[in-house]
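Note that the structure is a prediction, hence the values are computed from the model and not measured.
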Amino acid sequence: MSFNLRGTLAIYKFELARTWRTLFQSILTPVLTTSLYFIVFGGAIGSRIDTMGGVPYAAFIVPGLLMLTILAESTANASFGIYLPRFTGTVYELLSAPIGVAETLVGYVGAAATKSVILAVVILATARVFVDYHIEHPLLAAFFILLSAVAFSLLGFILGCWADGFEKLQVVPMLVLTPLTFLGGTFYSIQMLPEPWKTVTLFNPVVYLVNGLRWTFYGQADVNFGAAITATLGFMALCIAVIAFIFRTGWRLRS
(Lines give C-alpha, C1' and ligand atoms only; values in the text may rest on other atoms or scores of the structure.)
Protein backbone atom coordinates (compact mmCIF):
# COMPACT_ATOMS: atom_id res chain seq x y z
CA MET A 1 0.00 0.00 0.00
CA SER A 2 1.44 3.38 -1.05
CA PHE A 3 1.90 6.24 1.38
CA ASN A 4 -1.24 8.40 1.50
CA LEU A 5 0.37 11.82 1.26
CA ARG A 6 -2.92 13.67 0.79
CA GLY A 7 -4.41 12.15 3.95
CA THR A 8 -1.25 12.95 5.92
CA LEU A 9 -1.28 16.58 4.76
CA ALA A 10 -4.96 16.89 5.67
CA ILE A 11 -4.26 15.80 9.26
CA TYR A 12 -1.11 17.92 9.44
CA LYS A 13 -2.77 21.10 8.17
CA PHE A 14 -5.83 20.66 10.39
CA GLU A 15 -3.72 20.19 13.52
CA LEU A 16 -1.38 23.05 12.64
CA ALA A 17 -4.34 25.36 12.00
CA ARG A 18 -5.43 24.84 15.62
CA THR A 19 -2.30 26.71 16.70
CA TRP A 20 -3.45 29.90 15.03
CA ARG A 21 -7.00 29.51 16.37
CA THR A 22 -5.60 29.31 19.90
CA LEU A 23 -2.63 31.63 19.43
CA PHE A 24 -2.57 32.96 23.00
CA GLN A 25 -2.50 29.51 24.57
CA SER A 26 -0.22 27.94 21.96
CA ILE A 27 2.45 30.61 21.60
CA LEU A 28 2.09 33.58 23.93
CA THR A 29 1.52 31.70 27.19
CA PRO A 30 4.73 29.57 26.95
CA VAL A 31 6.72 32.65 25.92
CA LEU A 32 5.42 34.66 28.89
CA THR A 33 6.13 31.76 31.24
CA THR A 34 9.69 31.42 29.92
CA SER A 35 10.21 35.17 30.25
CA LEU A 36 9.26 34.93 33.92
CA TYR A 37 11.83 32.16 34.39
CA PHE A 38 14.49 34.41 32.90
CA ILE A 39 13.49 37.28 35.16
CA VAL A 40 13.44 35.17 38.33
CA PHE A 41 16.31 32.75 37.73
CA GLY A 42 18.42 34.73 35.27
CA GLY A 43 17.98 38.06 37.03
CA ALA A 44 17.53 37.35 40.72
CA ILE A 45 19.59 34.18 41.09
CA GLY A 46 21.96 34.96 38.21
CA SER A 47 23.08 38.13 39.98
CA ARG A 48 24.38 35.92 42.83
CA ILE A 49 25.97 33.22 40.63
CA ASP A 50 28.76 34.40 38.37
CA THR A 51 29.26 31.46 36.02
CA MET A 52 28.29 27.80 35.73
CA GLY A 53 30.91 25.71 34.00
CA GLY A 54 32.51 28.84 32.60
CA VAL A 55 29.21 30.05 31.11
CA PRO A 56 27.33 33.05 32.56
CA TYR A 57 24.45 31.68 34.61
CA ALA A 58 21.72 33.49 32.67
CA ALA A 59 23.08 31.99 29.44
CA PHE A 60 23.59 28.60 31.09
CA ILE A 61 19.87 28.13 31.73
CA VAL A 62 18.76 28.99 28.16
CA PRO A 63 19.02 25.39 26.81
CA GLY A 64 17.30 24.02 29.90
CA LEU A 65 14.39 26.47 29.67
CA LEU A 66 14.10 25.78 25.96
CA MET A 67 13.97 22.02 26.56
CA LEU A 68 11.46 22.51 29.39
CA THR A 69 9.09 24.24 26.97
CA ILE A 70 9.68 21.77 24.12
CA LEU A 71 8.90 18.74 26.29
CA ALA A 72 5.77 20.28 27.77
CA GLU A 73 4.35 21.68 24.53
CA SER A 74 5.18 18.66 22.35
CA THR A 75 3.48 16.33 24.81
CA ALA A 76 0.45 18.58 25.28
CA ASN A 77 -0.11 19.30 21.58
CA ALA A 78 0.14 15.68 20.45
CA SER A 79 -1.96 14.29 23.32
CA PHE A 80 -4.79 16.76 22.76
CA GLY A 81 -4.59 16.26 19.00
CA ILE A 82 -5.45 12.55 19.16
CA TYR A 83 -7.62 12.73 22.30
CA LEU A 84 -10.10 15.19 20.78
CA PRO A 85 -11.15 12.82 17.94
CA ARG A 86 -11.55 10.06 20.53
CA PHE A 87 -13.67 12.32 22.72
CA THR A 88 -15.92 13.45 19.86
CA GLY A 89 -16.08 10.03 18.18
CA THR A 90 -14.53 11.19 14.91
CA VAL A 91 -11.62 8.80 15.47
CA TYR A 92 -13.75 6.10 13.82
CA GLU A 93 -13.70 8.09 10.60
CA LEU A 94 -9.91 8.16 10.86
CA LEU A 95 -9.72 4.41 11.49
CA SER A 96 -11.99 3.64 8.53
CA ALA A 97 -10.15 5.98 6.15
CA PRO A 98 -7.44 4.63 3.80
CA ILE A 99 -4.73 5.97 6.12
CA GLY A 100 -2.20 3.73 7.82
CA VAL A 101 -0.27 4.07 11.08
CA ALA A 102 2.64 5.84 9.39
CA GLU A 103 0.45 8.49 7.75
CA THR A 104 -1.45 9.08 11.01
CA LEU A 105 1.75 9.47 13.00
CA VAL A 106 3.38 11.77 10.48
CA GLY A 107 0.26 13.95 10.45
CA TYR A 108 -0.36 14.25 14.20
CA VAL A 109 3.22 14.00 15.46
CA GLY A 110 4.56 16.14 12.64
CA ALA A 111 2.12 18.94 13.44
CA ALA A 112 2.87 18.81 17.18
CA ALA A 113 6.62 18.80 16.55
CA THR A 114 6.29 21.70 14.09
CA LYS A 115 4.47 23.77 16.72
CA SER A 116 7.24 23.05 19.22
CA VAL A 117 9.98 24.01 16.76
CA ILE A 118 8.18 27.28 15.94
CA LEU A 119 7.84 27.95 19.65
CA ALA A 120 11.54 27.15 20.18
CA VAL A 121 12.50 29.78 17.60
CA VAL A 122 10.24 32.34 19.29
CA ILE A 123 11.70 31.55 22.72
CA LEU A 124 15.27 31.82 21.43
CA ALA A 125 14.41 35.25 20.05
CA THR A 126 12.79 36.20 23.37
CA ALA A 127 15.86 35.01 25.29
CA ARG A 128 17.95 37.56 23.39
CA VAL A 129 16.04 40.28 25.22
CA PHE A 130 17.29 38.98 28.58
CA VAL A 131 20.69 37.44 27.93
CA ASP A 132 23.52 37.36 25.39
CA TYR A 133 24.02 33.69 24.50
CA HIS A 134 25.64 31.91 21.56
CA ILE A 135 25.11 28.58 19.80
CA GLU A 136 28.39 26.86 19.05
CA HIS A 137 26.86 24.09 16.91
CA PRO A 138 23.69 25.56 15.36
CA LEU A 139 22.97 22.69 12.96
CA LEU A 140 23.30 20.09 15.70
CA ALA A 141 21.17 22.27 17.97
CA ALA A 142 18.41 22.44 15.33
CA PHE A 143 18.62 18.69 14.80
CA PHE A 144 18.48 17.93 18.51
CA ILE A 145 15.54 20.30 19.07
CA LEU A 146 13.63 18.60 16.25
CA LEU A 147 14.54 15.13 17.55
CA SER A 148 13.37 16.00 21.07
CA ALA A 149 10.14 17.54 19.76
CA VAL A 150 9.35 14.42 17.72
CA ALA A 151 10.22 12.07 20.61
CA PHE A 152 7.89 13.79 23.07
CA SER A 153 5.19 14.28 20.48
CA LEU A 154 5.20 10.49 20.17
CA LEU A 155 4.86 10.27 23.95
CA GLY A 156 2.00 12.77 23.80
CA PHE A 157 0.26 10.66 21.16
CA ILE A 158 0.43 7.66 23.52
CA LEU A 159 -0.95 9.72 26.40
CA GLY A 160 -3.77 10.96 24.18
CA CYS A 161 -4.70 7.36 23.40
CA TRP A 162 -4.43 6.32 27.06
CA ALA A 163 -6.39 9.16 28.68
CA ASP A 164 -10.12 8.65 29.21
CA GLY A 165 -10.74 12.19 30.45
CA PHE A 166 -9.32 15.69 30.01
CA GLU A 167 -7.85 15.66 33.52
CA LYS A 168 -5.73 12.60 32.68
CA LEU A 169 -4.05 14.50 29.87
CA GLN A 170 -2.31 16.58 32.56
CA VAL A 171 -1.30 13.75 34.90
CA VAL A 172 1.97 12.72 33.23
CA PRO A 173 3.09 16.24 32.16
CA MET A 174 2.40 17.73 35.60
CA LEU A 175 3.38 14.87 37.90
CA VAL A 176 6.16 13.24 35.88
CA LEU A 177 7.66 15.43 33.13
CA THR A 178 7.79 18.74 35.02
CA PRO A 179 9.52 17.30 38.13
CA LEU A 180 11.96 15.31 35.97
CA THR A 181 12.79 18.46 34.01
CA PHE A 182 13.41 20.56 37.11
CA LEU A 183 15.57 17.76 38.53
CA GLY A 184 17.32 17.19 35.21
CA GLY A 185 19.88 19.99 35.34
CA THR A 186 17.70 22.73 33.85
CA PHE A 187 18.90 25.34 36.35
CA TYR A 188 22.12 23.77 37.61
CA SER A 189 24.96 21.44 36.73
CA ILE A 190 24.57 17.92 38.10
CA GLN A 191 28.29 18.07 38.97
CA MET A 192 27.22 20.24 41.91
CA LEU A 193 25.33 17.33 43.45
CA PRO A 194 26.97 15.11 46.08
CA GLU A 195 26.99 11.34 45.78
CA PRO A 196 24.86 9.31 45.58
CA TRP A 197 22.50 11.93 44.10
CA LYS A 198 24.82 12.64 41.18
CA THR A 199 24.65 8.98 40.13
CA VAL A 200 20.92 8.74 40.79
CA THR A 201 20.33 11.77 38.58
CA LEU A 202 21.88 9.96 35.62
CA PHE A 203 18.82 7.67 35.60
CA ASN A 204 16.66 10.71 34.83
CA PRO A 205 16.14 10.67 31.02
CA VAL A 206 15.62 14.43 30.90
CA VAL A 207 19.23 14.92 32.01
CA TYR A 208 20.36 13.63 28.62
CA LEU A 209 17.99 15.93 26.73
CA VAL A 210 18.94 19.08 28.65
CA ASN A 211 22.66 18.38 28.52
CA GLY A 212 22.56 17.27 24.90
CA LEU A 213 21.06 20.61 23.92
CA ARG A 214 23.42 22.49 26.26
CA TRP A 215 26.42 20.85 24.54
CA THR A 216 25.24 22.12 21.14
CA PHE A 217 25.11 25.63 22.61
CA TYR A 218 28.38 25.81 24.52
CA GLY A 219 30.39 22.72 23.57
CA GLN A 220 30.33 21.38 27.12
CA ALA A 221 27.82 19.52 29.27
CA ASP A 222 27.54 17.02 32.10
CA VAL A 223 26.59 14.21 29.69
CA ASN A 224 28.27 13.11 26.46
CA PHE A 225 26.37 14.28 23.35
CA GLY A 226 26.52 10.81 21.82
CA ALA A 227 24.83 9.39 24.92
CA ALA A 228 22.13 12.06 24.64
CA ILE A 229 21.43 11.18 21.00
CA THR A 230 21.38 7.45 21.77
CA ALA A 231 18.98 7.91 24.69
CA THR A 232 16.63 10.06 22.61
CA LEU A 233 16.58 7.64 19.68
CA GLY A 234 15.99 4.72 22.05
CA PHE A 235 13.06 6.57 23.62
CA MET A 236 11.60 7.25 20.16
CA ALA A 237 11.90 3.59 19.19
CA LEU A 238 10.09 2.57 22.38
CA CYS A 239 7.26 5.05 21.73
CA ILE A 240 6.86 3.87 18.13
CA ALA A 241 6.66 0.26 19.32
CA VAL A 242 3.92 1.18 21.82
CA ILE A 243 1.96 3.10 19.17
CA ALA A 244 2.24 0.17 16.75
CA PHE A 245 0.76 -2.04 19.48
CA ILE A 246 -2.09 0.43 20.05
CA PHE A 247 -3.06 0.46 16.37
CA ARG A 248 -2.62 -3.29 15.97
CA THR A 249 -4.89 -4.10 18.91
CA GLY A 250 -7.17 -1.06 18.77
CA TRP A 251 -6.53 -0.44 22.48
CA ARG A 252 -8.34 2.73 23.57
CA LEU A 253 -9.09 3.62 19.95
CA ARG A 254 -12.00 1.28 19.27
CA SER A 255 -13.43 1.24 22.78
Side-chain angles (χ1 to χ4, degrees), residues 11-42 58-84 105-131 133-135 137-157 159-160 169-170 172-174 176-178 180-182 184 186-187 206 209-214 216-217 228 232 235-236 239:
I11 296 173
Y12 178 85
K13 290 178 180 178
F14 178 82
E15 285 299 303
L16 204 57
R18 185 157 49 84
T19 300
W20 312 121
R21 295 196 299 269
T22 58
L23 185 64
F24 186 84
Q25 179 182 353
S26 300
I27 302 294
L28 295 183
T29 299
V31 170
L32 289 174
T33 302
T34 304
S35 298
L36 290 175
Y37 279 128
F38 275 116
I39 293 172
V40 174
F41 288 93
F60 177 85
I61 66 175
V62 171
L65 289 177
L66 185 59
M67 188 57 69
L68 173 66
T69 303
I70 289 173
L71 300 192
E73 293 302 312
S74 296
T75 305
N77 286 326
S79 62
F80 186 78
I82 188 60
Y83 176 77
L84 191 60
L105 276 185
V106 172
Y108 281 107
V109 172
T114 300
K115 296 175 190 177
S116 296
V117 171
I118 293 173
L119 187 57
V121 173
V122 174
I123 288 177
L124 284 174
T126 304
R128 283 289 183 190
V129 177
F130 299 96
V131 60
Y133 65 88
H134 68 278
I135 304 178
H137 306 284
L139 293 180
L140 284 177
F143 171 72
F144 197 73
I145 287 172
L146 179 60
L147 194 67
S148 302
V150 171
F152 278 80
S153 294
L154 289 168
L155 175 63
F157 191 92
L159 294 179
L169 291 177
Q170 301 300 320
V172 173
M174 292 297 295
V176 179
L177 288 183
T178 299
L180 286 179
T181 305
F182 275 88
T186 299
F187 301 106
V206 179
L209 296 171
V210 171
N211 282 278
L213 185 59
R214 185 168 286 142
T216 65
F217 272 61
T232 307
F235 180 72
M236 287 180 61
C239 288

Measure across Leu209 and Met67 and return the closest heavy-atom pair with its distance rounded to 0.1 Å.
O-CE, 3.5 Å
Should Thr126 and Thr34 count as side-chain neighbours, where that means a heavy-atom distance under 4.5 Å?
no
Please confirm whether the backbone N or O of Thr181 pairs with a side-chain atom of Thr186, one donor and one acceptor, at under 3.5 Å?
yes
For the pair Thr178 (side chain) and Pro173 (backbone), establish whether a donor and an acceptor sit closer than 3.5 Å, ignoring hydrogens and angles.
yes
Hey, could you give me the CG/CD1 distance between Leu140 and Ile145, rounded to the nearest 0.5 Å?
11.0 Å
Ignoring hydrogens and angles, tell me if any N or O in the side chain of Arg128 forms a donor-acceptor pair with the backbone of Tyr133 under 3.5 Å.
yes
Centroid-to-centroid, Phe152 to Phe235, below 6.0 Å?
yes
With side-chain contact (heavy atoms from CB on, under 4.5 Å) as the test, would you mind laying out the steps for Phe187 and Phe60 before giving the verdict?
CA-CA 8 Å; Phe187 301 106; Phe60 177 85; over 6 Å; no
Separation between CD1 of Ile123 and CD1 of Ile118, rounded to the nearest 0.5 Å
12.0 Å
Would you give the length of the straight line joining atom CD1 of Ile82 to atom OG of Ser153, rounded to the nearest 0.5 angstrom?
13.0 Å
Closest heavy-atom contact between Ile70 and Ala120?
CD1-CB, 4.2 Å
Considering all heavy atoms, the nearest Ala141-Leu213 contact:
O-CD1, 4.2 Å
Do Val210 and Leu68 have side chains that approach each other closer than 4.5 Å (heavy atoms only, starting at C-beta)?
no
Minimum heavy-atom distance Gly184-Asn211, with the two atoms named:
O-ND2, 4.2 Å
What's the separation between atom CZ in Phe144 and atom CZ in Arg214, rounded to the nearest 0.5 Å?
11.5 Å
Using only atom types and a distance under 3.5 Å, with no angle test, would you say the side chain of Lys115 pairs donor to acceptor with the backbone of Glu15?
yes
Shortest non-hydrogen contact from Thr69 toward Pro30
CG2-CB, 4.0 Å
Polar side-chain atom of Thr75 near backbone of Ala72 as donor-acceptor pair, under 3.5 Å:
no
Under the 3.5 angstrom rule, does the side chain of Ser74 hit a backbone N or O of Leu71 as a donor-acceptor pair?
no
Which value, rounded to the nearest 0.5 Å, describes the distance between Ile61 atom CD1 and Phe130 atom CZ?
10.5 Å
Euclidean distance, Leu16 CG relative to Ile11 CD1, rounded to 0.5 Å:
13.5 Å
Do you know the tightest heavy-atom contact between Gly160 and Leu169?
CA-CD2, 4.1 Å
Side chain to side chain donor-acceptor pair (under 3.5 Å) evaluation trace for Thr114 with Tyr12:
CA-CA 10 Å; Thr114 300; Tyr12 178 85; 2.9 Å; yes
